[in-house]
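This structure is in structure tokens; I'll ask about it shortly.
Values reported hereafter were calculated over all heavy atoms of this structure, with side chains retained and with hydrogens, waters and symmetry mates removed.
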Amino acid sequence: MKATHYIVLFLTSIIMLSCGAYSFTGASISSDTKTFQVNYFQNNALLVEPGLDRDFTNALIDLLQNQTNLSLVKSNGDLVYEGEITQYRISPTTATSSNTAAQNRLTIGVKVHFYNKLDEEAEFDQNFSFYYDYAGNAQLVGGVKDSAIAEIFERITQDIFNASLAKW
């Protein structure tokens with residue numbers, strides 16, 4: 001009976017150790033990388049939505065904190081994210097027979113500069129954007145606007161994470 005317990009304990013230990021290097025987020029972060037820094041993303045879009053810059057910066061910080069074990073620092077981070085919001089646009093996507101919009105699209109675009117002090121080959125300057133479609137008779141205010149921005153930010157921040165750390 002004791003031999004069975006030792007075998008089960010041994011196999012469980014091997015399985016747990018082999019899973020230790022796996023990340024469910026898909027991130028491949030060097031063990032030397034300990035910190036990250038997210039500089040303020042200024043809103044330079046032609047149409048400025050107040051607070052969008054702060055909300056995007058916080059959304060990127062939250063995603064990195066939730067999907068990595070890295071520590072957030074204000075300066076000298078091993079990984080540095082900075083950039084600007086370059087686009088905030090509302091445009092009709094489909095029309096009705098009476099020349100009104102049947103559906104509108106909110107598009108947000110962000111330019112990101114990613115720096116990796118430990119791996120300069122991983123650095124990039126890249127544009128990311130995503131959109132949210134909503135009914136043409138709906139106003140982009142309140143809950144509609146909040147859910148649109150949340151969905152767009154979720155997609156853009158995940159794309160930034162994948163490009164910088166998951167290498168997808």
Side-chain angles (χ1 to χ4, degrees), residues 6-90 105-133 143-168:
Y6 287 124
I7 291 172
V8 170
L9 181 63
F10 177 72
L11 290 175
T12 304
S13 299
I14 288 176
I15 291 170
M16 295 302 279
L17 288 173
S18 66
C19 293
Y22 182 75
S23 167
F24 289 106
T25 62
S28 57
I29 303 171
S30 164
S31 60
D32 297 334
T33 304
K34 305 289 183 211
T35 61
F36 75 95
Q37 170 186 339
V38 177
N39 294 336
Y40 188 71
F41 278 74
Q42 189 162 345
N43 191 348
N44 292 329
L46 293 177
L47 180 60
V48 174
E49 176 66 27
L52 194 69
D53 41 7
R54 176 200 63 232
D55 293 344
F56 179 78
T57 303
N58 290 337
L60 184 57
I61 289 170
D62 290 345
L63 178 107
L64 291 166
Q65 286 180 324
N66 290 334
Q67 293 194 11
T68 69
N69 290 328
L70 302 175
S71 299
L72 175 65
V73 294
K74 293 192 182 286
S75 62
N76 293 324
D78 296 329
L79 307 176
V80 178
Y81 296 85
E82 63 183 27
E84 62 183 327
I85 297 171
T86 58
Q87 183 181 33
Y88 183 92
R89 184 181 72 218
I90 300 169
R105 174 173 287 178
L106 170 64
T107 304
I108 297 176
V110 179
K111 181 170 182 142
V112 176
H113 310 288
F114 172 70
Y115 304 98
N116 186 334
K117 288 186 178 179
L118 305 174
D119 182 10
E120 290 183 8
E121 301 259 333
E123 296 179 0
F124 63 79
D125 287 334
Q126 190 171 337
N127 291 310
F128 297 89
S129 69
F130 199 69
Y131 60 88
Y132 179 87
D133 291 335
V144 175
K145 181 175 79 173
D146 293 344
S147 64
I149 290 173
E151 185 175 317
I152 291 169
F153 282 179
E154 180 181 339
R155 185 55 159 282
I156 291 175
T157 56
Q158 190 64 53
D159 288 347
I160 293 168
F161 176 86
N162 291 344
S164 61
L165 299 176
K167 308 294 188 248
W168 288 4

Verdict with reasoning, Leu63 to Gln158, per side chain to side chain contact (heavy atoms under 4.5 Å, CB included): CA-CA 8 Å; Leu63 178 107; Gln158 190 64 53; 3.5 Å; yes
Please output the side-chain donor-acceptor pairs of residues 149-157 that fall under 3.5 Å, not counting sequence neighbours, one pair per line with the distance.
| from | atom 1 | to | atom 2 | distance (Å) |
| --- | --- | --- | --- | --- |
| Thr157 | OG1 | Phe153 | O | 2.7 |
| Thr157 | OG1 | Glu154 | O | 3.2 |

Main-chain N/O of Phe41 paired to Thr57 side chain as donor or acceptor, under 3.5 Å: yes
Pairs touching residues 60-84 that satisfy ring pair (Phe, Tyr, Trp, His ring centres under 6.0 Å), sequence neighbours left out: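 Those involving residues 60-84 are Tyr81-Phe114.
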Ile29 side, atom CD1; Asp119 side, atom CG - distance, nearest 0.5 Å: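 Going from CD1 on Ile29 over to CG on Asp119, the span is 12.5 Å.
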Rounded distance [0.5 Å steps], NE2 in His113 versus CD in Glu123: 12.0 Å
Side chain to side chain contact (heavy atoms under 4.5 Å, CB included) evaluation trace for Lys117 with Asn76: CA-CA 9 Å; Lys117 288 186 178 179; Asn76 293 324; 3.6 Å; yes
Donor-acceptor under 3.5 Å (Gln37 side chain, Val73 main chain): no
Distance, nearest 0.5 Å, that separates CG of Asp53 from CG of Asn58: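 Atom-to-atom, Asp53:CG and Asn58:CG are 10.0 Å apart.
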Side chain to side chain contact (heavy atoms under 4.5 Å, CB included) assessment of Asn116 paired with Leu79: CA-CA 5 Å; Asn116 186 334; Leu79 307 176; 3.4 Å; yes
Closest contact, heavy atoms only, Gly109 versus Ser129: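 Answer, listing the atom of Gly109 first, then Ser129: CA-CB, 3.7 Å.
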Residues Phe161, Leu60; criterion side chain to side chain contact (heavy atoms under 4.5 Å, CB included); working and verdict: CA-CA 9 Å; Phe161 176 86; Leu60 184 57; over 6 Å; no
Leu46, CG: over 12 other non-hydrogen atoms inside 6.0 angstrom: no
Atom OH of Tyr131: over 12 foreign heavy atoms under 6.0 Å: no
Side chain to side chain, Ile108 and Tyr132, heavy atoms closer than 4.5 Å: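 Result no, sub-4.5 Å side-chain heavy-atom pair not found.
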Val80, Asn39, Asp78 screened by side-chain contact (heavy atoms from CB on, under 4.5 Å) with Tyr115, the one that passes: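 Between Tyr115 and the candidates, side-chain contact (heavy atoms from CB on, under 4.5 Å) is satisfied uniquely by Val80.
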Closest heavy-atom pair and its distance - Asn43, Val48: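 For Asn43 versus Val48, the nearest heavy atoms are ND2-CG1, 3.8 Å.
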Partners passing side-chain contact (heavy atoms from CB on, under 4.5 Å) against Asn127 (at least two apart in sequence or in another chain):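 With neighbours one apart ignored, the set is Lys111.
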Nearest-0.5 Å distance that lies between atom CD in Glu49 and atom CD1 in Ile90: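 Spacing of CD (Glu49) from CD1 (Ile90) equals 8.0 Å.
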Distance in Å, Ser31 OG paired with Asn69 CG, rounded so as to fall on 0.5 Å steps: 12.5 Å
Phe36 side, atom CZ; Leu165 side, atom CG - distance, nearest 0.5 Å: 10.0 Å
Nearest non-hydrogen partners of Ala45 and Tyr88, listed with the distance: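 Smallest heavy-atom distance, with atoms named: CB-N, 3.6 Å.
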